[in-house]
Amino acid sequence: IITSYSGISCKGLAPYNPDKQNQDSMIMEVVSNDATYAPDHLFCVFDGHGENGHIVSQHFQTRLPTLLRHAKGFERNERVGQTLKEALIIIENEIIN
């Protein structure tokens with residue numbers, strides 16, 4: 001049983017830009033929406049790169065839990081791998097388009 005968790009992130013080194021912001025984002029939350037099953041925890045790190053890396057990593061951080069909560073079967077560990085793959089493709093397409 002998971003009772004507590006924590007995370008930490010620090011910005012990468014960029015000698016050419018000492019004011020560079022941390023572009024990483026993380027998810028540490030419960031994504032279950034079915035009280036009949038033990039809670040599922042989602043832990044992710046999105047390593048932003050490039051001029052807009054923080055925007056991309058934050059978009060993944062915001063969208064992934066929402067898509068997983070609404071995916072049928074995810075909370076019962078059915079099709080977990082396929083559901084993750086489909087959610088990531090949706091988010092990538094949102095960023096590209």
Side-chain angles (χ1 to χ4, degrees):
I1 298 174
I2 297 172
T3 58
S4 64
Y5 44 87
S6 65
I8 189 168
S9 177
C10 59
K11 69 178 182 174
L13 296 176
Y16 58 89
N17 183 3
D19 296 326
K20 178 183 182 229
Q21 66 179 322
N22 186 353
Q23 295 181 309
D24 302 341
S25 298
M26 66 177 74
I27 298 171
M28 297 186 299
E29 62 183 81
V30 175
V31 292
S32 300
N33 58 4
D34 189 335
T36 60
Y37 295 92
D40 290 319
H41 293 79
L42 181 64
F43 300 99
C44 301
V45 174
F46 304 101
D47 188 12
H49 289 267
E51 192 172 314
N52 295 311
H54 60 290
I55 295 169
V56 174
S57 69
Q58 289 169 5
H59 187 72
F60 274 85
Q61 177 191 40
T62 301
R63 290 287 290 139
L64 186 59
T66 302
L67 290 174
L68 295 180
R69 279 190 192 97
H70 292 95
K72 293 186 179 193
F74 184 79
E75 70 276 357
R76 293 183 300 274
N77 291 323
E78 300 170 5
R79 300 183 59 243
V80 172
Q82 186 63 30
T83 302
L84 280 167
K85 180 179 177 181
E86 291 168 0
L88 293 172
I89 289 170
I90 289 169
I91 298 167
E92 281 184 3
N93 286 330
E94 290 172 350
I95 290 169
I96 293 169
N97 298 322

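Scope of the values below: all heavy atoms of this structure, side chains included, with no hydrogens, waters or symmetry mates.
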Problem - Backbone of M26 reached by a side-chain donor or acceptor of Q61 within 3.5 Å - result: yes
Practice task
Without swapping roles, check the side chain of K20 against the backbone of K11 for a donor-acceptor pair under 3.5 Å.
Solution key: no
Exercise for the section: Without swapping roles, check the side chain of Q23 against the backbone of G50 for a donor-acceptor pair under 3.5 Å. Expected result: yes
Would you mind writing out the side-chain donor-acceptor pairs for residues 1-9 within the sub-3.5 Å range, not counting sequence neighbours?
residue : atom : partner : partner atom : Å
S9      : OG   : N22     : ND2          : 3.1
S9      : OG   : D24     : OD2          : 3.3

Problem - Set of residues satisfying salt bridge (Lys or Arg N to Asp or Glu O under 4.0 Å) with respect to E92, sequence neighbours excluded - result: none
Problem - Min side-chain heavy-atom separation F60-I27 under 4.5 Å - result: no
Completion exercise
Rounding to 0.5 Å, atoms CG (N17) and CD (E51) come to a distance of 10.0 Å
Handout entry: side chain to side chain contact (heavy atoms under 4.5 Å, CB included) partner of L88, chosen from L64, T83, N93
Key = L64
Handout entry: Hphob cluster co-occupancy, I95 + L67, side-chain heavy atoms under 4.5 angstrom
Key = yes
Exercise for the section: Check whether more than 12 heavy atoms from other residues, nucleotides or ligands sit under 6.0 Å from atom NZ of K85, and answer yes or no. Expected result: no
Exercise for the section: Quick one: closest heavy-atom pair of R69 and V31, and the distance? Expected result: CG-O, 3.3 Å
Exercise for the section: Indicate, with yes or no, if I90 and V56 share a hydrophobic cluster defined by side-chain heavy-atom contacts under 4.5 Å among Ile, Leu, Val, Met, Phe, Trp and Tyr. Expected result: yes
